[in-house]
Amino acid sequence: MNISQSFFSNIDRIEKQMIPDYVMERARHSLLDYIAVTCAGVTFQKEKLKGYFVFASPEEGKFKAIGTGRNLALKEAVFLNGLNAHALDYDDGTNSGIIHLGSPIFSLLIPLSQRYGISVDDMLHAAIIGYETSYTLAVSIQPHHKALGHHATGTCGVVGSAIAAAYMLGFSDEERYQAFATACISASGMLKVLDDGSELKPYNVAKSTLLALTSIQLAKSGFKGHIDPLGGYRGFLKMMVGDEHVDIKPTMLNGTYAIMKSYTKPYASCRYTHPPVEATISLRNKYNIHAEDVSKIEIKTYDLAVSGHDHTQIKGLYSAKMSTPYSTAVALIAGKAGLQEFSEDYLNNKTVNSLINKIHVTSDEEMSEIFPQKQSAIVNIETNQGIFIKRVDFPKGEPENPLTEQEFYERFANLMQYGNIKKVIYENIYKKVSQPNTMVDDLMKNL
């Protein structure tokens, strides 16, 4: 048995297990999170979407482009769902895999569920297996994968999405394996999309979702891939880390499903910014710190959270979301870092820009060594009233420090309101997602 067959066999074993109720409940939250960030993403990039609809003239169809109010052809809906789901960089993911898990998977599964009359529970079962696939691959090749410039959401996300769809649609063993092999060939995603004001990070999700759809279509049509797409000197692993001799981590690493390892973001910025944002808000509220009193803010964190995230020249809203100095500045000024704090008003605010230039981010050896077991940062704020220091190891939203049900609902409601979804609609979705025998098409009909 080669490395690909062994990996595929382990995923298949997990799929055949009875999924515990608490894992299914977590999957319901993941779906609600996905729906909310996608609807909000439509509002966030509404001007660009107007241009897309004018130039691309997407074909109308029966499948929901979530949050747009449009029903489009399958491939169009899949692509736009992916593009909007990651627009805010507010979707779920894991630090250990350095990957966003739900956005590519649900962007594919929801339109397919509409097409084939799939229930919410059956879709969630498949999504859990997709999470497991994407995460296991990602955690096996990180952090070297990221260091080489790859975006795991665009690489491992293709494979997980294709596997999830193949299981959900009842593919044979052979068809699932060929979908897996084709997805490995399709995988691509570069982190250059984070640099210099680029606005294409969401494209990695949109592209991944579309490639996963193509992978299952080719597999179902009888096209065959390589017998060992992961291994060998020209296989997936060699391409992604430069070494074909990689030990694939066990599925259900450390005894828990991948979906249980995922975070839910309370702050509307890159996950790497969250520990300093949370520390700053805590210090601000405890000591009543004001921006005009600050002379300097020193942030120490793990090395992967520095490069690409320490910039003080903010070249647009996407750049702001990647910047720890910007995120920290608005956190201190507003006492929060939600959707409103990543807007043109804040971007052009003189107080914000003055404070950004007082913030310095450096890597810390001890924190770098313990990542990803802990996502740590120490914030040191110097003011005319004294020096205030706070360390955060597990920011809010991590599995070790989860949102309460009330906090999760408030976040969901705020995102849906931002996405211009009526209260009666989003409250109905929140209830229906837990009701037995709810069909995905029924859940989506008013979005």
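Computed from heavy atoms alone, side chains included, the values below leave out hydrogens, waters and symmetry copies.
The salt bridge (Lys or Arg N to Asp or Glu O under 4.0 Å) test with Lys265 is passed by exactly one of Asp89, Asp92, Asp91: Asp89.
Using modelled atom types, one side-chain atom of Thr209 and one backbone atom of Val205 make a donor-acceptor pair closer than 3.5 Å. Side-chain atoms of Lys75 do not come within 3.5 Å of backbone N or O of Leu210 as any donor-acceptor pair. The closest donor-acceptor contact from the side chain of Gln375 to the backbone of His274 lies at 3.5 Å or more, if one exists at all. Ser323 places no side-chain N or O within donor-acceptor distance of the main-chain N or O of Ser319, the cut-off being under 3.5 Å. Remark: side-chain polar atoms of Asn81 are paired, donor with acceptor, to backbone N or O of Ile66 under 3.5 angstrom. Under a 3.5 Å cut-off, the side chain of His125 and the backbone N or O of Glu15 do form a donor-acceptor pair. In this structure, the side chain of Glu175 engages the main chain of Ser172 through a donor-acceptor pair within 3.5 Å. Judged purely by atom type and a 3.5 angstrom limit, Ser307 has no side-chain atom pairing as donor or acceptor with the backbone of Asp303. Side chain of Glu278 to backbone of Pro275: no donor-acceptor contact under 3.5 angstrom is found. One N or O on the side chain of Glu341 and one on the backbone of Gly338 form a donor-acceptor pair closer than 3.5 Å.
More than 12 heavy atoms of other shown residues, nucleotides or ligands fall within 6.0 angstrom of atom NZ in Lys207. Annotation: Ile425, atom CD1; neighbour count of heavy atoms from other residues, nucleotides and ligands within 6.0 Å is above 12. The environment of Asn348 atom CG is dense: over 12 non-hydrogen atoms of other residues, nucleotides or ligands sit within 6.0 angstrom. Around CD of Glu59, the count of heavy atoms belonging to other residues, nucleotides or ligands within 6.0 Å does not exceed 12. No more than 12 heavy atoms of other residues, nucleotides or ligands shown are found within 6.0 angstrom of NZ on Lys286. Within a 6.0 Å sphere centred on CG of Asn285, heavy atoms belonging to other residues, nucleotides or ligands number more than 12.
Residues Ser262 and Pro399 share a closest heavy-atom pair of O-CG, 3.7 Å. For the residue pair Phe63 and Pro111, the shortest heavy atom distance occurs at CD2-O, 3.5 Å. The heavy-atom pair separating Tyr272 from His309 by the smallest distance is CD1-NE2, 3.2 Å. Of all heavy-atom pairs between Val433 and Val120, the closest is O-CG1, 3.9 Å. In terms of heavy atoms, Tyr34 sits closest to Ala85 at CE1-CB, 3.4 Å. Of all heavy-atom pairs spanning Gln178 and Gly225, the tightest one is OE1-N, 2.6 Å.
The closest side-chain heavy-atom distance from Tyr257 to Ile19 is below 4.5 Å. Using a 4.5 Å cut-off on side-chain heavy atoms (C-beta onward), Val352 and Leu347 make no contact. With a 4.5 Å cut-off on side-chain heavy atoms, Leu72 and Phe53 count as touching.
Contacts of Lys46 classified as salt bridge (Lys or Arg N to Asp or Glu O under 4.0 Å), with partners at least two apart in sequence or in another chain: none. For His29, the ring-ring contact (aromatic ring centres under 6.0 Å, His included) partners at least two apart in sequence or on another chain are Phe408. With sequence neighbours left out, Tyr52 forms a ring-ring contact (aromatic ring centres under 6.0 Å, His included) with no residue at all. For Glu199, the salt bridge (Lys or Arg N to Asp or Glu O under 4.0 Å) test picks out Lys48, with sequence neighbours left out. Residues satisfying the salt bridge (Lys or Arg N to Asp or Glu O under 4.0 Å) criterion with Arg26, sequence neighbours excluded, are absent altogether. Residues forming a salt bridge (Lys or Arg N to Asp or Glu O under 4.0 Å) with Asp21 (at least two apart in sequence, or on another chain): none. Tyr326 pairs by the ring-ring contact (aromatic ring centres under 6.0 Å, His included) definition with Phe342, not counting sequence neighbours.
In this structure, OG1 in Thr43 is found 10.0 Å from CD in Gln45, a value given to the nearest 0.5 Å. In this structure, the separation between CD1 on Ile259 and CG on Leu124 is 7.5 Å, given to the nearest 0.5 Å. Atom CG of Asn254 and atom NZ of Lys249 lie 9.0 Å apart (nearest 0.5 Å). In this structure, the separation between CG on Asp345 and CG on Asn349 is 8.5 Å, given to the nearest 0.5 Å.
The pair Glu174-Lys224 meets the salt-bridge criterion, since a charged nitrogen lies less than 4.0 angstrom from a carboxylate oxygen.
Annotation: salt bridge (Lys or Arg N to Asp or Glu O under 4.0 Å) contacts involving residues 121-137, sequence neighbours excluded, comprise Arg28-Asp121. Screening residues 416-440 for salt bridge (Lys or Arg N to Asp or Glu O under 4.0 Å), with sequence neighbours left out, gives Lys423-Glu427, Lys432-Asp442. Sorted by first then second residue, the salt bridge (Lys or Arg N to Asp or Glu O under 4.0 Å) pairs that include residues 253-264, not counting sequence neighbours, number zero. Residue pairs satisfying the salt bridge (Lys or Arg N to Asp or Glu O under 4.0 Å) criterion with at least one member in residues 399-418, sequence neighbours excluded, are listed as follows: Asp33-Arg411, Lys396-Glu407.
Between Tyr263 and Phe394, the ring center distance fails the sub-6.0 Å criterion.
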Could you tabulate the donor-acceptor pairs under 3.5 Å formed by side-chain atoms of residues 151-171, not counting sequence neighbours?
| from | atom 1 | to | atom 2 | distance (Å) |
| --- | --- | --- | --- | --- |
| His151 | ND1 | Asn204 | ND2 | 2.9 |
| His151 | NE2 | Thr153 | OG1 | 3.3 |
| Thr153 | OG1 | His100 | N | 3.0 |
| Thr155 | OG1 | His145 | NE2 | 2.9 |
| Thr155 | OG1 | Ala152 | O | 3.3 |
| Ser161 | OG | Pro104 | O | 3.4 |
| Ser161 | OG | Ile105 | N | 3.4 |
| Ser161 | OG | Gly157 | O | 2.8 |
| Tyr167 | OH | Asp12 | OD1 | 2.6 |

